Novice: 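Following this message is one structure expressed as structure tokens.
Note that these values count all heavy atoms, side chains included, but never hydrogens, waters or copies made by symmetry. Because the structure is predicted, anything quoted here is derived from the model rather than measured. Position 1 is the first residue of the sequence; numbering continues from there.
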Amino acid sequence: MWSLKSNSFQFIFIWLLILLLNPDTTQAQENLKNQVGTWFIVAGDNALGDHWSIPIVGIWRQYNYAQETEFGFLRTGLNYRLSKQWYVGTGVAFLDTHPFEHPNNLQEKSQFWWYQEAGVKHTSTFTQRFRVENRWLNGPNGKSFRTRFRHRLQYKKPFTTTTYFKVSNESFFEFKELDFLQNRFFVGVGKAVHPNVCLEVGYLKNHVNGENYDRIRVAIYFKTRIAKKTVDLVNNTP
């Protein structure tokens with residue numbers, strides 16, 4: 001039977017995949033800052049019991065439709081569920097990146113993070129996440145230490161029992177100088193391809209230090225059950 005919600009989802013999903021797989025080659029000579037890039041995510045939540053779980057997140061971000069690597073990222077930690085609505089967590093992350101101006105040089109930048117976060121599920125569709133990140137940065141100009149705060153508001157609405165629409169906005173603030181660092185706005189669709197695995201595709205607009213970048217984001221989210229019961233936390237993405 002024809003379904004408006006189901007067909008709308010399929011149209012959006014297929015359109016985003018076509019956009020991802022068929023870049024406009026006329027952009028090949030443009031500055032990397034002005035090109036549409038890709039943002040691949042694999043994120044999992046591994047339940048240890050009724051309250052504890054281990055998040056694992058990997059990100060591979062690229063310029064110009066996966067033609068130039070921007071950075072790679074890996075994060076893990078330990079989360080504790082306080083109630084059906086709230087969780088808290090802490091962990092570490094490592095990031096290595098090429099600056100926009102010299103994507104192929106050997107002077108890579110790297111970062112090590114120690115973070116603390118809390119998430120709340122207000123309703124079946126609205127969630128929030130709060131995170132403090134202590135970052136040790138190592139680059140061509142030496143080493144430095146920075147602390148920043150992130151806040152994400154997310155809306156997730158099912159199309160059907162296996163498909164959904166998602167929109168989120170996350171803002172970043174520097175503690176030391178109370179500066180606004182960046183903003184990430186995302187809109188996309190997702191599909192559960194297995195009871196514990198979801199595939200998601202969408203568009204992300206990233207504003208950083210007065211610049212703005214366009215990204216096609218593709219994500220795989222999964223849950224595993226190390227103990228007897230899984231822990232369904234608040235859409236714990238990077």
Novice: Flag yes if Leu204 and Val57 sit in one hydrophobic cluster, no otherwise; membership is Ile, Leu, Val, Met, Phe, Trp, Tyr, and two members link when side-chain heavy atoms are under 4.5 Å apart.
Specialist: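 Same hydrophobic cluster.
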Novice: Assess whether salt bridge (Lys or Arg N to Asp or Glu O under 4.0 Å) is satisfied between Glu170 and Arg131, documenting all intermediate values.
Specialist: CA-CA 11 Å; Glu170 186 169 27; Arg131 180 186 290 171; 5.6 Å; no
Novice: Is Phe175 reachable from Phe180 through a run of hydrophobic residues whose side-chain heavy atoms are each under 4.5 Å from the next?
Specialist: yes
Novice: Take Phe172 and Arg184 through the test side-chain contact (heavy atoms from CB on, under 4.5 Å) and record every step on the way to the result.
Specialist: CA-CA 9 Å; Phe172 296 64; Arg184 296 176 183 174; 3.6 Å; yes
Novice: Look up atom CD1 in Ile216 and atom CG in Asp214, then write down how far apart they are to the nearest 0.5 Å.
Specialist: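 Rounded to the nearest 0.5 Å, the CD1-CG separation comes to 8.0 Å.
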Novice: Quick one: OG on Ser144 to CD on Gln111, what's the gap to the nearest 0.5 Å?
Specialist: 8.5 Å
Novice: Any link between Ile220 and Val193 through a network of hydrophobic side chains (Ile, Leu, Val, Met, Phe, Trp, Tyr) touching at under 4.5 Å?
Specialist: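 Yes, Ile220 connects to Val193 through the hydrophobic network.
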Novice: Start with the C-alpha distance between Asp45 and Tyr221, add both sets of side-chain angles, then the distance that settles side-chain contact (heavy atoms from CB on, under 4.5 Å), and finish with yes or no.
Specialist: CA-CA 8 Å; Asp45 190 66; Tyr221 300 109; over 6 Å; no
Novice: Measure the spacing between OG1 of Thr127 and CG of Leu153 and express it to the nearest 0.5 Å.
Specialist: 7.0 Å
Novice: Let me see the working for Lys121 and Lys84 under side-chain contact (heavy atoms from CB on, under 4.5 Å), right down to the final yes or no.
Specialist: CA-CA 8 Å; Lys121 188 172 185 177; Lys84 291 183 178 180; over 6 Å; no
Novice: Could you give the distance from NZ (Lys191) to CG (Leu199), rounded to the nearest 0.5 Å?
Specialist: 9.5 Å
Novice: Looking at side-chain heavy atoms only, is the closest gap between Lys109 and Leu137 below 4.5 Å?
Specialist: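 SC-SC contact between Lys109 and Leu137 ruled out.
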Novice: Side-chain contact test, heavy atoms from C-beta onward, threshold under 4.5 Å: evaluate it for Glu117 versus Asn79 and give yes or no.
Specialist: yes
Novice: Without hydrogens or angle criteria, can the side chains of Thr38 and Trp60 be said to hold a donor-acceptor pair below 3.5 Å?
Specialist: no
Novice: Please name the pair of heavy atoms, one in Pro55 and one in Gly77, separated by the smallest distance, quoted to 0.1 Å.
Specialist: CD-O, 3.3 Å
Novice: Report the residue from Gln62, Glu70, Lys205 that forms a side chain to side chain contact (heavy atoms under 4.5 Å, CB included) with Arg215.
Specialist: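 With Arg215 as partner, side chain to side chain contact (heavy atoms under 4.5 Å, CB included) holds for just one option, Glu70.
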Novice: Indicate, with yes or no, if Phe112 and Phe145 share a hydrophobic cluster defined by side-chain heavy-atom contacts under 4.5 Å among Ile, Leu, Val, Met, Phe, Trp and Tyr.
Specialist: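 Hydrophobic grouping puts Phe145 with Phe112.
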Novice: Is Asn134 close to Gln116 at the side-chain level, that is, under 4.5 Å between some pair of heavy atoms?
Specialist: yes
Novice: Would you indicate whether Arg146, at its atom CZ, is surrounded by more than 12 heavy atoms from other residues, nucleotides or ligands within a distance under 6.0 Å?
Specialist: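 Incorrect, the count does not exceed 12.
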Novice: Please name the pair of heavy atoms, one in Ala118 and one in Trp86, separated by the smallest distance, quoted to 0.1 Å.
Specialist: CB-CZ3, 4.3 Å
Novice: Establish whether Ile41 and Trp113 are linked, either directly or via other cluster members, by ILVMFWY side-chain heavy-atom contacts under 4.5 Å.
Specialist: yes
Novice: Can you confirm whether Thr224 sits close enough to Asn196 that some side-chain heavy atom of one is under 4.5 Å from a side-chain heavy atom of the other?
Specialist: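 Side chain of Thr224 against side chain of Asn196, heavy atoms only: no contact under 4.5 Å found.
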Novice: If you look at every heavy atom in Asp50 and Arg81, which pair is closest and at what distance?
Specialist: O-NH2, 2.9 Å
Novice: Is the distance between the ring centroids of Tyr155 and Phe126 under 6.0 Å?
Specialist: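 Between Tyr155 and Phe126, the centre distance is under 6.0 Å.
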Novice: Quick one: does Asn206's side chain have a donor or acceptor within less than 3.5 Å of a partner on Asn183's backbone?
Specialist: yes
Novice: Can you spot which of Glu200, Lys157, Lys156 makes a side-chain hydrogen bond (donor to acceptor under 3.5 Å, both in side chains) with Tyr164?
Specialist: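 Per the side-chain hydrogen bond (donor to acceptor under 3.5 Å, both in side chains) rule, the option paired with Tyr164 is Glu200, out of Glu200, Lys157, Lys156.
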Novice: Taking the side chain as C-beta and beyond, is there a heavy-atom pair between Lys166 and Gln154 under 4.5 Å?
Specialist: yes
Novice: State the OG-CZ distance between Ser53 and Arg225, to the nearest 0.5 angstrom.
Specialist: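 So the gap between those two atoms works out to 15.0 Å.
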Novice: Does the side chain of Tyr213 come within less than 4.5 Å of Gln182's, by heavy atoms?
Specialist: no
Novice: Decide yes or no on side-chain contact (heavy atoms from CB on, under 4.5 Å) for Thr147 and Val132, but give the supporting numbers first.
Specialist: CA-CA 7 Å; Thr147 300; Val132 174; 3.9 Å; yes
Novice: Working to the nearest 0.5 Å, report the span between OG of Ser168 and CZ of Phe185.
Specialist: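 Taking OG in Ser168 and CZ in Phe185, the distance rounds to 7.5 Å.
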Novice: Do Arg150 and Tyr115 have side chains that approach each other closer than 4.5 Å (heavy atoms only, starting at C-beta)?
Specialist: no
Novice: Run the ring pair (Phe, Tyr, Trp, His ring centres under 6.0 Å) test on Phe73 and Trp39 for me, step by step, so that the C-alpha distance in whole Å, both residues' side-chain angles and the decisive distance to 0.1 Å come before the verdict.
Specialist: CA-CA 11 Å; Phe73 175 89; Trp39 192 313; 9.6 Å; no
Novice: With a 4.5 Å cut-off on side-chain heavy atoms, are Leu78 and Leu48 touching?
Specialist: yes
